[in-house]
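The figures here come from the full heavy-atom set of this structure, side chains too, leaving out hydrogens, waters and symmetry mates. Values in this document were obtained by computation on a predicted structure and should not be read as measured data.
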Amino acid sequence: MTKVKPSDLPTKTVRAPNGEIVRLKVVQSDSETLPYDLLAAFRSNVRSIRDERRRKARDAADTAQA
């Protein structure tokens with residue numbers, strides 16, 4: 001089994017329609033390791049979303065205490 005880490009995938013920075021800057025993992029469709037690349041990108045996205053939600057929850061808790 002081939003292991004592909006999210007850090008092995010290139011990252012592209014783009015601007016979303018609402019003006020926010022977003023970093024995306026780039027997956028090549030003709031890659032020999034496409035399934036593993038997709039899994040690595042998915043794991044990276046999930047990790048980013050969880051980190052963002054934790055940060056927002058912590059900030060909301062800090063604001064409520066103040």
Arg47 and Ile49: CA distance, side-chain angles, deciding distance, side-chain contact (heavy atoms from CB on, under 4.5 Å) verdict: CA-CA 6 Å; Arg47 185 181 318 110; Ile49 291 168; over 6 Å; no
Between the main-chain N or O of Ala40 and the side-chain N or O of Ser44, is there a donor-acceptor pair closer than 3.5 Å? no
Phe42: which of Val46, Leu38, Asn45 passes side chain to side chain contact (heavy atoms under 4.5 Å, CB included): Val46
From CD (Glu20) to CZ (Arg15), nearest 0.5 Å: 10.0 Å
Would you say the side chain of Val27 lies within less than 4.5 Å of the side chain of Leu34, judging by non-hydrogen atoms? yes
Ile21 and Thr13: CA distance, side-chain angles, deciding distance, side-chain contact (heavy atoms from CB on, under 4.5 Å) verdict: CA-CA 7 Å; Ile21 295 177; Thr13 304; 3.3 Å; yes
Between the main-chain N or O of Pro10 and the side-chain N or O of Lys25, is there a donor-acceptor pair closer than 3.5 Å? no
Indicate yes or no: does Asp51 engage Arg54 in a salt bridge with an N to O separation below 4.0 Å. yes
Spacing of Asp37 atom CG and Leu9 atom CG [to the nearest 0.5 Å]: 5.0 Å
Point-to-point distance, once rounded to the nearest 0.5 Å, from CG of Asp8 to OG1 of Thr33: 9.0 Å
